[in-house]
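To keep things clear, I will list the structure first and then write my remarks on it.
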Amino acid sequence: MFRISVLGAGAWGTALAGAFSRQGHEVKLWGRNAKTCDEINRDRTNTAYLDEAVLPDELWASADLSAVLKDAEIVLFAAPAQSTGEVAAQAVGLIAESSALIACSKGIDNRTGQMQSEVMAERLPDHAIGVLSGPSFAADVVRGLPTAVTLAMPELDAAKRLASQMSGDAVRIYASDDVIGVQVGGSLKNVMAIAVGICRGGGMGASAEAALITRGYAELARLGEAMGARTETMMGLSGLGDLVLTCSSELSRNFAYGIAVGSGRDVSGLKLAEGVYTVSIANRIAARHGIDCPVMHTAGEVLAGRMSAEEARFALMSRPVRAETGNSNGPVS
């Protein structure tokens with residue numbers, strides 16, 4: 001059993017806290033909103049994010065960061081990706097040096113281009129920092145439905161130890177030491193999900209969606225390789241697995257956001273879609289590496305209002321036809 005502190009009482013953080021609490025760990029949950037924390041402790045629910053899902057009695061939530069982090073052996077950072085740096089800065093001096101820190105949010109910092117582990121390491125340099133990612137919806141995890149994810153740590157032995165001891169009958173964890181690869185897959189799939197959602201919203205058909213997922217994966221793999229990810233990681237849970245899930249269900253905020261954009265609906269009231277924040281920096285990273293990512297590029301153009309969904313379709317379908325396979329700079333989506 002571990003003493004686990006989860007930072008972020010949104011849907012994902014609350015779901016993870018509930019899941020690990022049910023699997024026998026001592027879990028504390030931190031949230032900015034004291035009323036949300038009171039609801040979790042009093043009613044065993046977090047209705048703002050997880051409807052009527054019931055949380056375990058053993059889970060304790062608080063808006064007091066120091067109290068939540070006291071004696072923690074593992075700290076899960078589950079606030080929105082663009083807030084990770086701020087949360088890490090608040091945690092300075094409150095976490096024991098022996099604690100393992102694990103990034104659970106999926107996204108690239110849109111100001112610096114840093115991965116989540118890099119953002120955390122900059123502010124908390126004296127800790128082992130890992131990443132937890134894979135095909136997992138908060139709505140499934142909080143209900144105890146079977147889920148498999150990947151935990152990457154700088155040292156594989158550490159990843160294996162934590163994965164083995166944190167796994168249970170609902171959340172199964174696979175170990176990896178490809179910290180960059182696991183993050184690349186989890187971040188870029190959000191952009192692809194928006195692109196496929198735009199396709200769905202624009203009524204372009206299931207065949208077009210399948211093509212976008214496949215060619216989107218090719219872009220993810222090419223760019224991932226350029227950023228230092230391993231091919232086998234891109235083909236695993238945190239890459240292909242998460243891409244398939246995120247591009248196939250409206251439980252995905254990114255997919256749902258894309259559908260709204262593609263159908264011309266107002267998106268101002270929709271929940272946070274991390275891919276919206278990731279797409280611009282991801283395209284800049286691709287340009288810096290000289291990697292052709294037309295699906296990602298057109299998704300960015302649509303989100304920026306410079307291209308309609310129909311114009312994006314034409315732009316992708318009218319590209320020069322080339323071989324489907326080749327080196328990282330050869331194939332074109």
Side-chain angles (χ1 to χ4, degrees), residues 7-8 12 77-92 101-125 127-134 150 152-154 176-195 216-231 233-234 238-239 242-243 246 253-254 257-258 272-304 306 328-329 333:
L7 307 186
W12 186 225
F77 283 73
Q82 304 307 320
S83 301
T84 297
E86 178 188 347
V87 174
Q90 292 179 50
V92 171
L101 312 186
I102 301 175
C104 301
S105 302
K106 302 169 183 178
I108 302 171
D109 189 285
N110 63 2
R111 298 175 300 277
T112 66
Q114 292 176 308
M115 307 306 291
Q116 295 296 289
S117 64
E118 295 169 330
V119 172
M120 291 163 58
E122 192 173 78
R123 293 156 179 82
L124 299 161
H127 296 270
I129 298 177
V131 183
L132 185 74
S133 190
T150 299
M153 298 291 292
S176 170
D177 59 358
D178 187 3
V179 175
I180 293 297
V182 169
Q183 292 179 93
V184 170
S187 300
L188 298 185
K189 60 88 184 178
N190 287 331
V191 178
M192 301 308 174
I194 291 176
Y217 172 74
E219 293 184 17
L220 185 153
R222 286 201 299 271
L223 185 53
E225 179 184 354
M227 294 173 69
R230 299 178 196 148
T231 301
T233 304
M234 295 293 95
S238 62
D242 211 355
L243 178 69
T246 311
R253 293 178 180 180
N254 293 282
Y257 192 96
L272 168 73
E274 191 59 54
V276 175
Y277 300 102
T278 301
V279 64
S280 59
I281 187 64
N283 277 312
R284 291 200 296 273
I285 292 171
R288 187 169 71 240
H289 286 287
I291 303 298
D292 193 24
C293 295
V295 174
M296 199 161 66
H297 172 74
T298 52
E301 292 296 289
V302 174
L303 291 175
R306 293 188 291 265
S328 61
N329 290 310
S333 296

Would you please test Cys104 and Trp12 for side-chain contact (heavy atoms from CB on, under 4.5 Å) and show each step?
CA-CA 8 Å; Cys104 301; Trp12 186 225; 3.8 Å; yes
Which atom names give the shortest non-hydrogen contact between Val87 and Ala79, and what distance separates them?
CG2-CB, 3.9 Å
Can you name the nearest heavy-atom pair linking Ser133 to Asp242, along with the distance?
OG-OD2, 4.0 Å
Is there a side-chain contact between Val184 and Leu223 in this structure, where contact means two heavy atoms from C-beta onward sitting under 4.5 Å apart?
no
Between the OG1 atom in Thr233 and the CD1 atom in Ile180, the distance rounded to the nearest 0.5 Å is 11.0 Å
How far apart are the closest heavy atoms of Ala152 and Val182, and which atoms are they?
CB-CG2, 3.8 Å
With rounding to the nearest 0.5 angstrom, report the OG to CG distance, Ser176 to Leu132.
11.5 Å
Exactly one of Ile194, Val191, Ile291 clears side chain to side chain contact (heavy atoms under 4.5 Å, CB included) with Met296, and that residue is Val191
dist Ile281:CD1 -> Ile108:CD1 (nearest 0.5 Å) comes out at 7.0 Å
Backbone N/O of Ala229 and side chain of Asp178: donor-acceptor pair under 3.5 Å
no
Within-4.5 Å side-chain heavy-atom neighbours: Val179 and Ile129:
no
How far apart are the closest heavy atoms of Ala282 and Leu188, and which atoms are they?
CB-CD2, 3.7 Å
Show the nearest heavy-atom pair for residues Ala81 and Gly107, with the distance to one decimal.
CB-CA, 3.9 Å
Lys106 and Ser187: side chain donor to acceptor below 3.5 Å
no
Residue pair Cys293 / Asn283: nearest heavy atoms and the distance that separates them
O-OD1, 4.4 Å
Got a donor-acceptor contact below 3.5 angstrom from the Glu118 side chain to the Met115 backbone?
yes
With no hydrogens and no angle check, do the side chains of Ser117 and Gln183 hold a donor and an acceptor under 3.5 Å apart?
yes
Looking only at atom types and distance, does a side-chain atom of Arg123 sit under 3.5 Å from a main-chain N or O of Val92, one as donor and one as acceptor?
no
By side-chain contact (heavy atoms from CB on, under 4.5 Å), which residues pair with Gln82, not counting sequence neighbours?
Asp109, Asn110, Arg111, Glu274, Tyr277
Could you grab the distance from atom OG1 of Thr246 to atom CZ of Arg253, nearest 0.5 Å is fine?
12.5 Å
Run the side-chain contact (heavy atoms from CB on, under 4.5 Å) check on Met234 and Arg230 step by step: do they pass?
CA-CA 7 Å; Met234 295 293 95; Arg230 299 178 196 148; over 6 Å; no
Do the non-hydrogen side-chain atoms of Met192 and Glu219 ever get within less than 4.5 Å of each other?
yes
Regarding Gln116 and Ser105, is there a side-chain donor-to-acceptor distance under 3.5 Å anywhere?
no
Check against side-chain contact (heavy atoms from CB on, under 4.5 Å), Phe77 and Ile102
CA-CA 6 Å; Phe77 283 73; Ile102 301 175; over 6 Å; no
